[in-house]
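Chain letters run A, B, ... following the sequence lines, proteins first, then strands; residues in each count from 1. All values below come from the heavy atoms of this structure, side chains included, with hydrogens, waters and symmetry mates left out.
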Amino acid sequence: MLVIEDSRIRKATWNDIRECVYIITQLIPIGRVVSYKAIAKTLGISPRSVAIALSKNEKPIVIPCHRVVHASGKIGGYTPHGQEFKKRLLSIEGVDVKDHRVPKEYFMDNELVELLL
DNA sequence: ATTTGCTCAGCTC
DNA sequence: GAGCTGAGCAAAT
């Protein structure tokens with residue numbers, strides 16, 4: 001991932017990555033979901049890094065990290081309060097989590113990539 | 001459904 | 001620097 005600062009291109013720092021991940025996460029509307037992979041693609045970094053960024057999240061509720069799940073539909077993690085809490089948050093927002101899986105119709109990976117690329 | 005190998009940024013020593 | 005740890009992924013089994 002590269003960023004532009006003072007008209008120069010430089011490698012993104014950890015802070016840059018976190019900032020971008022948080023901003024994108026906040027773009028996800030209520031009742032929808034995206035995968036780590038989709039965010040990684042828009043930023044040009046690895047999915048693993050996105051997960052790390054979210055895990056180090058300092059504002060667990062302001063940053064809706066519960067709307068980010070595995071590409072396969074599996075729930076993923078939610079360190080502050082555990083998977084169960086994450087599931088509960090999602091169902092409150094209208095996402096029907098079936099058997100530790102979120103159905104593909106809730107995903108907006110394509111829209112996100114199309115929007116930001 | 002489960003295992004396996006790959007990945008890459010942070011943390012520890 | 002070297003080695004370990006993940007809120008992951010994709011392919012093979």
Closest contact, heavy atoms only, I17(A) versus A12(A): CG1-CB, 4.3 Å
5' priority, DNA chain C, between K37(A) and G77(A) [closest heavy atom]: G77(A)
Within-4.5 Å side-chain heavy-atom neighbours: I24(A) and L43(A): yes
Residue list, side chain to side chain donor-acceptor pair (under 3.5 Å) with E114(A), at least two apart or on another chain: none
E93(A): side chain to side chain donor-acceptor pair (under 3.5 Å) partners, not counting sequence neighbours: H66(A), R67(A)
Selection: residues 38-71 of chain A, any non-hydrogen atom under 4.0 Å of DNA chain B: S46(A), R48(A), S49(A), I52(A)
Heavy-atom pair with the smallest gap, counting every atom of I45(A) and M1(A): CG2-CB, 3.3 Å
Base-pair map of DNA chain C as dot-bracket, where | denotes pairing with a different strand and pairs are Watson-Crick or G-U under 3.5 Å: ||||||.||||||
Start and end of the DNA chain B segment that chain A contacts, any atom under 4.0 Å from a heavy atom: dC8(B) to dG10(B)
Atom pairs and distances, donor-acceptor, side-chain atoms in residues 52-61 of chain A, under 3.5 Å, two or more places apart:
unit_1, atom_1, unit_2, atom_2, d
S55(A), OG, I52(A), O, 2.7
N57(A), OD1, K59(A), N, 2.6
N57(A), ND2, K59(A), O, 3.4
E58(A), OE2, R18(A), NH1, 3.3
E58(A), OE2, R18(A), NH2, 3.4

DNA chain C contacts made by residues 88-99 of chain A, counting heavy atoms under 4.0 Å: none
Heavy-atom check, side chain of D109(A) versus side chain of L112(A), under 4.5 Å: no
Results of side chain to side chain donor-acceptor pair (under 3.5 Å) for E5(A) - residues two or more places apart only: R10(A)
Considering all heavy atoms, the nearest A40(A)-S46(A) contact: CB-C, 3.7 Å
Please tabulate, for side-chain N and O atoms in residues 96-103 of chain A, each donor-acceptor pair with protein atoms closer than 3.5 Å (sequence neighbours left out).
unit_1, atom_1, unit_2, atom_2, d
D96(A), OD2, K98(A), NZ, 2.7

Check: M108(A) and P29(A) side chains under 4.5 Å, non-hydrogen atoms: yes
DNA chain B contacts among residues 110-117 of chain A, heavy-atom distance under 4.0 Å: none
Pairs meeting criterion salt bridge (Lys or Arg N to Asp or Glu O under 4.0 Å) with involvement of residues 68-80 of chain A, two or more places apart: none
Boundaries of the chain A footprint along DNA chain C (any atom under 4.0 Å from a heavy atom): dG6(C) to dA10(C)
Atom pair CG/CD1 of L90(A) and I30(A) - distance to nearest 0.5 Å: 11.5 Å
Close side-chain approach of I39(A) to V34(A), heavy-atom, < 4.5 Å: yes
Side-chain touch H70(A)/S35(A), heavy atoms, less than 4.5 angstrom: no
Y36(A) with L115(A), same ILVMFWY side-chain cluster at under 4.5 Å: yes
Over 12 foreign heavy atoms within 6.0 Å of CG, L117(A): yes
